[in-house]
Q: 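Take a look at the following structure, please.
As the structure is a computational prediction, the values presented were derived from the model and not from experiment. Lettering of chains follows the sequences in order, A, B, ..., and the numbering in each one begins at 1.
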Protein chains: 2
Amino acid sequence: MLGLSISTISRALKNHPDISEKTKQRVNELATALDYEPNTNAIQLRTSKSNLFGLIVPTVSNFFYDSFIASVEEESRKNNYSLMILQSGDDPVIEMQNLKLCRQNRVSGVFTCLSSQTINIDSFTKFKDLEIPVIFFDLVPDMQGINKVCVADVLSATIVANTINIKKKKKVFALFGKPNLSITKKRLEAFKYNIDKKIVTTYLHANNTPEAEQFAMEAIKQNADTIFCMSDEILVGVMKAIQKAQLQIPTDIAVIAISNGFIPKLYYPEITYVETSGYKLGKLAFSSMMACMAGSAFMQELTIESMLVEGGSI
Amino acid sequence: MLGLSISTISRALKNHPDISEKTKQRVNELATALDYEPNTNAIQLRTSKSNLFGLIVPTVSNFFYDSFIASVEEESRKNNYSLMILQSGDDPVIEMQNLKLCRQNRVSGVFTCLSSQTINIDSFTKFKDLEIPVIFFDLVPDMQGINKVCVADVLSATIVANTINIKKKKKVFALFGKPNLSITKKRLEAFKYNIDKKIVTTYLHANNTPEAEQFAMEAIKQNADTIFCMSDEILVGVMKAIQKAQLQIPTDIAVIAISNGFIPKLYYPEITYVETSGYKLGKLAFSSMMACMAGSAFMQELTIESMLVEGGSI
DNA sequence: ATAACTTTCGCAAACGTTTGCGAAACGGTT
DNA sequence: AACCGTTTCGCAAACGTTTGCGAAAGTTAT
């Protein structure tokens, strides 16, 4: 329509110095008039650069992951990347299908959280051969030579233990999650190491909210003065039990948790917790990804700070 | 490597009847040996079919949207579509950028929830010209000739009103959300219409959780016997106020809400609520999308059923 | 052996871009 | 007027697929 060649149009649209200002203006005007939008597929095919990240998560519908996703999406948009979000449903088979999808879409990188069932991570190492960066977050494989971003599990559990020590508690029930997860192991170990040995401590593993509620009822029956919840999932169950028993917090029983922060603020008094922000973790994961993209072959495990947020529950 | 042409390979991989079984097998073996993955960009460019949906939401980090997303993602995967998730941050400008992204990526369809600020929906109607189906959900434009899926706002509010009527309440505070949203208008109108006129009812609009808490404190001060919460956001604030005031539910004060169901189950007694499931809405939105893709030019507003889930709060 | 099918495959164009290279047009200097 | 240097643009190949059409090879019937 302008009597110009395709290449000229392409260059004009991209503000190439070879093209005169007059021409650029004519092109841009027509482009907006027709509201032309470049075809991402063609661009990516031609340049073999995708500007697409994959993000695999057990489920989107989760206090922690949703804020992580929100954070990564936000950064991606700012940096002109798109995000393809995939749920594994905690199923290693679907996880593999999702990885395949990532490859087919020629993603520039993958953020992934292992499903709690995953044992074999060969499908992930394949990405290393293809030079596609993979950032593991939250639930990460227990090995070296990969990029991981995690909340500071050891530090968090240590802070909790110290807080309980300082408050001179006598009888603590510590509720942890699934025992096979590295996140559980780390928190459990650090807690055990730091809790005052004079405190009578009962350790339990709850697989889900109802189990946590059961354990909390048991704790109440045994006159525990403190319950520690390793995660929001557990906290919810514990609070249910405490409300049922009509106990006052913190006078009848104290509660402390490791949490994203949303759930603790739902109650009054608010629950004291050590913060593990999905939002911050997302930012960290993204910057780690950008470092990889920039060529840093430096594999490392990064952690975000965690700090105590005082409610009135202990 | 097999002495075959590209076209034969292509056909063999797609199980085309023209290709002999022997050849197909040889091709497939080599393909898995090399672990070949087709380039989605090339396919989409060639076929101009994208198998990609866009989903625009104010924020991923939200009780309702996260389950909606989880649901749509699940269905998409089952149907061999990918999902590109975009957050608008409730900002119409970003919303427009996201729409542009959808177009550039040649999505096959868009699921979108308006930001509460959006007035001008021209950018959306542009999609209609391009014959790209758009399914609005939750916060939908107030016009005809578009596809919308919504929770049954009128029904939900009616159920709530009737429940309050039956319980013979005397003094109700009804807390609604932002007054400009269609969702608010519909619920308010239906509630007003159905609530027993003998009941003293105070209507308030809370823009966020803290405001809801303020209003709830006011309600308590004025000895209200019932508080209705239009949304989870409001419920959270109300519960905070009630816990602060150390009131017993439902003896001192009754609570009823419209909710996704997660928050009400956090408390004891659990809050009675009318369910508006993001998960179900996602399923409905997806099937509506599939209908559009199949060529149904039939624009309509669909709603999901809602039903009362009894807790012990009223 | 020839003809007439059937099976099996290859050619080449097309999708919408990017980009190295070369060429036309233009301006200025002798 | 011839030459040279810039500025401004076009040609064509390439990215990895799909697909209509035609052709070679194989099979069967005469």
Side-chain angles (χ1 to χ4, degrees), chain A residues 1-52 54 80-82 84 100-108 129-132, chain B residues 1-52 54 80-82 84 100-108 129-132:
Chain A
M1 296 177 59
L2 258 31
L4 292 173
S5 78
I6 297 179
S7 20
T8 304
I9 304 287
S10 173
R11 281 187 258 254
L13 255 14
K14 303 191 63 189
N15 206 17
H16 191 285
D18 265 15
I19 308 298
S20 70
E21 286 305 326
K22 267 187 308 183
T23 309
K24 280 180 194 170
Q25 188 165 351
R26 288 175 59 214
V27 171
N28 282 318
E29 274 172 9
L30 185 59
T32 63
L34 300 176
D35 65 27
Y36 163 84
E37 295 288 350
N39 185 324
T40 306
N41 289 315
I43 297 177
Q44 294 180 1
L45 179 58
R46 167 62 222 235
T47 60
S48 55
K49 272 280 156 199
S50 75
N51 277 30
L52 210 210
N80 275 315
Y81 281 87
S82 296
M84 192 174 67
K100 186 175 284 200
L101 259 178
C102 285
R103 288 191 49 201
Q104 292 178 350
N105 282 84
R106 302 298 189 265
V107 296
S108 308
D129 304 338
L130 300 170
E131 308 202 357
I132 300 175
Chain B
M1 296 179 57
L2 258 31
L4 291 172
S5 79
I6 297 179
S7 21
T8 304
I9 305 287
S10 174
R11 280 188 259 253
L13 256 13
K14 302 190 65 190
N15 207 16
H16 191 283
D18 265 12
I19 308 298
S20 70
E21 286 304 326
K22 268 186 307 182
T23 309
K24 279 180 193 168
Q25 189 165 350
R26 288 174 61 214
V27 170
N28 281 317
E29 276 172 8
L30 185 59
T32 63
L34 300 176
D35 62 30
Y36 163 83
E37 295 289 351
N39 186 323
T40 306
N41 288 313
I43 297 177
Q44 294 181 1
L45 177 59
R46 167 60 222 237
T47 61
S48 56
K49 273 277 155 200
S50 75
N51 276 32
L52 212 210
N80 275 317
Y81 281 88
S82 296
M84 193 175 65
K100 185 175 284 200
L101 257 178
C102 285
R103 287 191 49 203
Q104 293 178 349
N105 282 83
R106 302 298 191 263
V107 296
S108 307
D129 304 337
L130 299 169
E131 307 204 358
I132 300 174

Q: Write down the distance between CZ (B:Arg106) and C1' (C:dG16), rounded to a whole number of angstrom.
A: 9 Å
Q: Could you please name the option among C:dG10, D:dT17, D:dC11 that lies closest to any side-chain atom of A:Ser5?
A: D:dC11
Q: Please confirm whether the shortest side-chain N or O distance from B:Lys14 to OP1 or OP2 of D:dT19 is below 4.0 Å.
A: yes
Q: Starting the side chain at C-beta, find the nucleotide from D:dT17, D:dC15, C:dT8 nearest to A:Leu45.
A: D:dC15
Q: Please say which of B:Ile19, B:Leu13, B:Val27 ends up in a side-chain contact (heavy atoms from CB on, under 4.5 Å) with B:Thr8.
A: B:Ile19
Q: When we call it a touch if two heavy atoms are under 4.0 Å apart, what does B:Asn39 touch: a base, just sugar-phosphate, or nothing?
A: sugar-phosphate
Q: Report the distance from atom CG of A:Asp18 to atom P of D:dG10, rounded to the nearest whole Å.
A: 12 Å
Q: Report yes or no: is there a donor-acceptor pair, N or O only, under 3.5 Å between the side chain of A:Thr23 and the base of D:dC9?
A: no
Q: Starting from the 5' end of DNA chain C, give me the residue, B:Ser48 or B:Ile9, whose nearest nucleotide shows up first.
A: B:Ile9
Q: When we call it a touch if two heavy atoms are under 4.0 Å apart, what does B:Ser20 touch: a base, just sugar-phosphate, or nothing?
A: sugar-phosphate
Q: Could you say whether A:Glu21 or A:Thr47 is positioned toward the 5' end of DNA chain D, judged by the nucleotide with the nearest heavy atom to each?
A: A:Glu21
Q: Is it the case that the side chain of B:Asn39 and the backbone of B:Asn41 share a donor-acceptor pair, with hydrogens and angles ignored and the cut-off at 3.5 Å?
A: yes
Q: State which of D:dT19, D:dC9, C:dC9 makes the closest approach to the side chain of B:Ser10.
A: D:dT19
Q: Look only at the side chain of B:Ser50 and the backbone of B:Gln44, and say whether a donor-acceptor pair between them is shorter than 3.5 Å.
A: no
